[in-house]
Amino acid sequence: MSSSSSSSTINNVVNEPRTVVRKFLAKPQHEGVGAIVRRSIGRFELKYFDPFLVLDEFSSGSLLSAPAGFPDHPHRGFETVTYMLQGALTHEDFEGHKGTIGVGDLQWMTAGRGIVHSEMPAAHGTQKGLQLWINLSSKYKMIEPGYQEIMSKDIAEASKDGVKVKIIAGESFGIKSPVYTRTPTLYLDFTLKPGAHLQQPIPITWNSFVYVIEGEGVFGNYKSTPTTAHHILLLGLGGDGVCAWNKSSKVLRFVLVGGEPLGEPVVQFGPFVMNTQQEIDQTIEDYENCKNGFENAEYWRS
């Protein structure tokens, strides 16, 4: 990175900042077995934010500890992105793929035509993370399942003027993530020290949002009211990026996520996301009869 001390962030100049058009608190709800999540996308206030289907923050000691978690369940038609903030999850699927997602680790799972898997705490104690569901266009919904898994030490980072970023997908400060996104996606984990200011470009036609993990920050307009943890902020279209300020005396941490809208019909039945009701009916039949991608579901148990 450049060592310039210019007042605007190098490689991250925003000419027309996006404004915050909607903000609300992600309230806790029960999911899985004994697990509690804060869902901000995929609940009644915000059913779908093209191309994003769900954003969950799962957390706790008592809220998510063994044997609580997300036992065997299917997916078809989209991708799940799991990013651990604390603790660890053990993942296992019906193709024999298994492993542990630790602190700062990333798992980008393409469910495609079908996966059955489990996600369970690796041990007792505090587990905390984010899971994002990204829709796939019709041409990719029935592709073979796959994984992109990156350990924390291998996720690209950059720092400047009190701003640190982990580049999960897309680009920031001139550094690109190696993650391949079938649905073009930006996913950045920012930490701002007190007094720090951020400018981050976003492709002008993409939908985007901020989710605050820790601390409080000002977004969009310098005079806006600060936003605290567990809030999601939807950013309006028309601007070329977002501006953020940490006016507090504590660290601010948030994720910025953006994606290219698919503009396709969405028909969802729980963990199945397709384009038509007929495709959903076929998916249910495939799963119940263990065919067309769900063959291994007949005898597999995690």
Q.
When you compare the side chain of Val273 with that of Tyr48, does any pair of heavy atoms fall below 4.5 Å?
A. no
(Q) Could you check whether any side-chain heavy atom of His117 comes within less than 4.5 Å of a side-chain heavy atom of Met109, counting everything from C-beta outward? (A) yes
**Q.** Considering all heavy atoms, the nearest Ala156-Ile175 contact
**A.** CB-CG2, 3.8 Å
Q. Quick one: does Asp50's side chain have a donor or acceptor within less than 3.5 Å of a partner on Leu262's backbone?
A. yes
Q. Is Trp206 close to Pro184 at the side-chain level, that is, under 4.5 Å between some pair of heavy atoms?
A. yes
Q. Can you tell me if Asn207 uses its side chain to pair, donor with acceptor, with the backbone of Phe49 under 3.5 Å?
A. no
**Q.** side chain to side chain contact (heavy atoms under 4.5 Å, CB included) assessment of Thr228 paired with Val212
**A.** CA-CA 6 Å; Thr228 55; Val212 181; 5.9 Å; no
Q: Report whether Val179 and Val257 are members of the same hydrophobic cluster (ILVMFWY, side-chain heavy atoms less than 4.5 Å apart, transitive linking).
A: yes
Q: Check whether any side-chain N or O of Asp56 sits under 3.5 Å from a backbone N or O of Phe58 as a donor-acceptor pair, and report yes or no.
A: no
Q) Have Glu149 and His97 got a donor and an acceptor in their side chains that come within less than 3.5 Å? A) yes
**Q.** All side chain to side chain donor-acceptor pair (under 3.5 Å) counterparts of Tyr211, not counting sequence neighbours
**A.** Glu57
Q.
Applying side chain to side chain donor-acceptor pair (under 3.5 Å), can you list everything that pairs with Gln148, at least two apart in sequence or on another chain?
A. none
Q. Given side chains that start at C-beta, do those of Thr90 and Thr100 come closer than 4.5 Å, heavy atoms only?
A. yes
Q) Once the angle between the rings of His91 and Tyr147 is folded into 0 to 90°, is it parallel (under 30°), tilted (30 to 60°) or perpendicular (over 60°)? A) perpendicular
Per-pair distances, 0.1 Å, donor-acceptor, side chain in residues 214-221, under 3.5 Å, sequence neighbours excluded:
from, atom 1, to, atom 2, distance (Å)
Asn221, OD1, Lys223, N, 2.8

**Q.** Connected via hydrophobic side-chain network under 4.5 Å: Phe209 and Leu85
**A.** yes
Q. With distance as the sole test, does Asp240 use its side chain to make a donor-acceptor pair with the main-chain N or O of Pro201 at under 3.5 Å?
A. no
Q.
Are Val210 and Val14 connected into the same hydrophobic cluster when the rule is that any two of I, L, V, M, F, W, Y join if their side-chain heavy atoms are below 4.5 Å apart?
A. no
Q. Out of curiosity, Met151 CE to Ile101 CD1, how far, rounded to the nearest 0.5 Å?
A. 12.0 Å
Q.
Within this structure, what is the CZ-CD distance for the pair Phe190 and Gln200, rounded to the nearest 0.5 Å?
A. 4.0 Å
Q: Output, in order, the C-alpha distance, side-chain angles, deciding distance and verdict of side chain to side chain contact (heavy atoms under 4.5 Å, CB included) for Glu79 and Thr185.
A: CA-CA 12 Å; Glu79 298 184 303; Thr185 303; over 6 Å; no
Q | Distance, nearest 0.5 Å, that separates CG of Leu136 from CZ of Arg113 | A | 14.0 Å
Q) Step by step, would you call Phe254 with Leu233 a side chain to side chain contact (heavy atoms under 4.5 Å, CB included)? A) CA-CA 11 Å; Phe254 63 91; Leu233 300 93; over 6 Å; no
Q: Say whether Ile232 and Ile168 are linked into one hydrophobic cluster, either directly or through other cluster members, by side-chain heavy-atom distances under 4.5 angstrom.
A: yes
Q. At what distance, to the nearest 0.5 angstrom, does NZ of Lys128 lie from CG of Leu89?
A. 14.0 Å
(Q) Evaluate Ile202 against Leu186 for side chain to side chain contact (heavy atoms under 4.5 Å, CB included), listing each step before the verdict. (A) CA-CA 8 Å; Ile202 303 167; Leu186 177 73; 4.3 Å; yes
(Q) Quick one: does any side-chain atom of His73 pair with a main-chain N or O of Val116 as donor and acceptor, under 3.5 Å? (A) no
Q. Sub-3.5 Å donor-acceptor pair from the side chain of Ser248 to the main-chain atoms of Lys250, do we have one?
A. yes
Q: Could you tell me the separation between the OG1 atom of Thr19 and the CG atom of Leu235, rounded to the nearest 0.5 Å?
A: 8.0 Å
**Q.** Heavy-atom check, side chain of Trp108 versus side chain of Ile134, under 4.5 Å
**A.** yes
Q | Side chain Arg18, main chain Gly239, donor-acceptor under 3.5 Å | A | yes
Q: Please confirm whether the backbone N or O of Ala26 pairs with a side-chain atom of Ser40, one donor and one acceptor, at under 3.5 Å?
A: no
Q. How about Phe24 and Leu46: do any of their side-chain heavy atoms sit closer than 4.5 Å?
A. yes
**Q.** Matching residue for Val163 among Asn246, Leu252, Leu192 - test: side chain to side chain contact (heavy atoms under 4.5 Å, CB included)
**A.** Leu192
Q: Check for a donor-acceptor pair, side chain of Asp281 on one end and backbone N or O of Glu285 on the other, with a separation under 3.5 Å.
A: no
Q. So, for Asp189 and Val255, which heavy atoms are closest and what is the spacing to 0.1 Å?
A. CA-CG1, 4.1 Å
Q) Is Ser152 close to Asp105 at the side-chain level, that is, under 4.5 Å between some pair of heavy atoms? A) yes
Q | Expected output: side-chain Lys98 to main-chain Glu92 donor-acceptor under 3.5 Å | A | no
Q: Please confirm whether Lys164 makes a cation-pi placement over Phe173, using NZ or CZ under 6.0 Å from the six-membered ring centre and within 45° of the ring normal.
A: no
Q. What distance separates Met142 CE from Met274 CE, expressed to the nearest 0.5 Å?
A. 5.5 Å
(Q) Between Thr80 and Gln131, do the side chains contain a donor N or O and an acceptor N or O under 3.5 Å apart? (A) no
**Q.** Joint hydrophobic cluster, Ile115 plus Ile143, side-chain heavy atoms closer than 4.5 Å
**A.** no
